[in-house]
Amino acid sequence: MKIVSTRNPETSVSFRDAIFQGLAPDGGLYVAEGELDLRKEFLKMDKKTSFQDIARLVAGQFLEAEVGKDGVDRIVKAAFPFSPKLTELKDGIKILELYHGPSCAFKDFGASFLASTMEEYLRGSSEKAVILTATSGDTGSAVAQAFHGKKNIDVVILYPSGRVSPLQEKQLTTLGGNVHALEVQGSFDDCQRMVKEAFQDPDLSRSIPLTSANSISLGRLLPQSLYYIWAFAQLKDQLAEDLVFCVPSGNFGNLTAGVYAWKWGLPVNSFLAATNRNDVVPQYLDSGIFQVRPSVLTPSNAMDVGNPSNFERLEYIFQKNWSLMRAMIQGDRVDDEQTLKTMKDVWESDKMDICPHTAVGVEAARRLLKQNPDLGTLVVLSTAHPAKFLEVAEKAVGHKPALPPEMQQLLNKEKVSLVIPPQKSALAEFLKKNFAK
Ligand SMILES: *Cc1c(COP(=O)(O)O)cnc(C)c1O
């Protein structure tokens with residue numbers, strides 16, 4: 001497999017460069033290029049195939065040449081002490097629960113793999129890395145948990161003071177050690193701007209080994225393919241008709257990772273891209289016109305994206321061909337009221353709490369099933385633990401979902417953060433003081 005930029009398919013880079021750079025120097029996104037055919041391997045899989053087995057197989061294709069078999073083993077063991085679970089609703093829709101990792105959301109899979117891979121690359125060397133990232137809440141906690149305790153790596157997380165939920169704040173600020181939480185007296189946009197300015201500052205990048213861990217990293221995207229393969233292996237002996245994955249989407253990383261699994265030979269018939277009112281991709285699939293616009297606030301706020309970053313990767317895969325993309329991906333959008341109603345419906349029918357993002361997926365899946373009752377197997381990705389969105393759940397269902405024990409314990413831990421003004425100079429000062437060579 002070659003790693004190339006979406007904007008320059010001629011020049012390939014190592015996996016190592018791709019993950020430490022994050023974004024390609026030409027502004028494009030790194031993508032996997034070339035034929036990878038895993039059909040034979042998929043045929044051999046079944047219910048007993050573990051998530052780690054699948055991870056070793058796929059990660060090996062990308063990493064073995066650079067870190068060896070033992071390196072791949074170490075990465076997989078360190079990255080995935082958790083795995084997905086598969087459940088089913090009464091109406092037959094399968095729910096792929098991706099929230100059993102440390103921050104209770106699917107982003108744990110990507111962040112944890114990236115962290116373990118970076119640690120492996122830095123193993124036994126004197127090189128260090130400082131991960132710099134801004135968060136509006138959710139992504140930051142996955143990154144913080146994933147990098148916590150990793151050797152030779154520090155993490156600096158900027159978050160907007162007073163604008164993340166109390167639980168999210170605890171997830172960011174109670175780890176300590178190599179995880180540093182900067183509480184910015186400003187908005188999320190300020191945090192993002194400060195991070196961007198720091199990366200562009202030649203003085204800083206000379207003296208500090210800054211790197212990013214944001215969601216456009218190929219190192220976060222690839223491991224998300226693994227759970228599509230795992231779900232297939234689990235369901236294989238009962239698959240007769242089509243296999244369709246419904247993916248609640250914002251930046252479209254999750255969906256793109258599923259499309260990769262299909263490209264490698266996973267027998268997926270189609271994907272259903274479910275969005276909230278931020279529906280630029282479903283609109284594109286309807287009309288052929290891709291029109292970005294400012295995002296609007298919805299109850300499924302991790303999907304409030306007006307300019308989905310992974311669309312560039314999808315276009316690359318489908319050669320900018322609308323019909324090709326439409327042949328594989330259909331879109332649907334779910335409004336706020338329907339989202340809340342679906343949370344309530346699923347509680348009433350199945351006594352199951354689902355998060356608002358998952359609800360968007362379940363509603364889109366139900367509509368599809370209504371149109372086409374003989375569809376086959378429909379799997380909805382459940383992207384976060386319902387207890388992460390207590391306020392929405394209380395409004396929609398009338399009760400608060402129970403917190404998993406790890407999250408319960410968090411609430412009693414002490415917050416440690418450094419409050420800084422929303423200026424790059426404040427960030428630069430912190431970075432130099434702590435990490436300058
Ligand atoms: C990030 C996120 C999404 C959207 O995933 P994308 O890969 O950006 O499409 C959906 N649900 C939750 C809970 C998330 O955190």
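All ligand and atom numbering here is 1-based and tracks the order in the structure.
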Residue among M325, R326, K320 satisfying side chain to side chain contact (heavy atoms under 4.5 Å, CB included) with W322: R326
The single option from L235, V380, L378 passing side chain to side chain contact (heavy atoms under 4.5 Å, CB included) against K94: L235
R277: which of D304, D336, D335 passes salt bridge (charged side-chain N to carboxylate O under 4.0 Å, His left out): D336
Close side-chain approach of F318 to I329, heavy-atom, < 4.5 Å: yes
Within the 6.0 Å centroid threshold, strictly below: F311 and F252: no
Quick check for students: name every N or O atom pair between ligand 1 and the protein closer than 3.5 Å, with distances.
| unit_1 | atom_1 | unit_2 | atom_2 | d |
| --- | --- | --- | --- | --- |
| ligand 1 | 7 (O) | G253 | N | 3.1 |
| ligand 1 | 7 (O) | N254 | N | 3.0 |
| ligand 1 | 8 (O) | N251 | N | 2.8 |
| ligand 1 | 9 (O) | G250 | N | 2.7 |
| ligand 1 | 9 (O) | N251 | N | 3.3 |
| ligand 1 | 9 (O) | F252 | N | 2.8 |
| ligand 1 | 11 (N) | T383 | OG1 | 2.9 |
| ligand 1 | 15 (O) | K107 | NZ | 2.5 |
| ligand 1 | 15 (O) | D138 | OD2 | 2.9 |

Report, one line per pair, each donor and acceptor closer than 3.5 Å where one atom sits in a side chain of residues 395-404; sequence neighbours left out.
| unit_1 | atom_1 | unit_2 | atom_2 | d |
| --- | --- | --- | --- | --- |
| H399 | NE2 | D353 | OD1 | 2.9 |
| H399 | NE2 | D353 | OD2 | 3.3 |

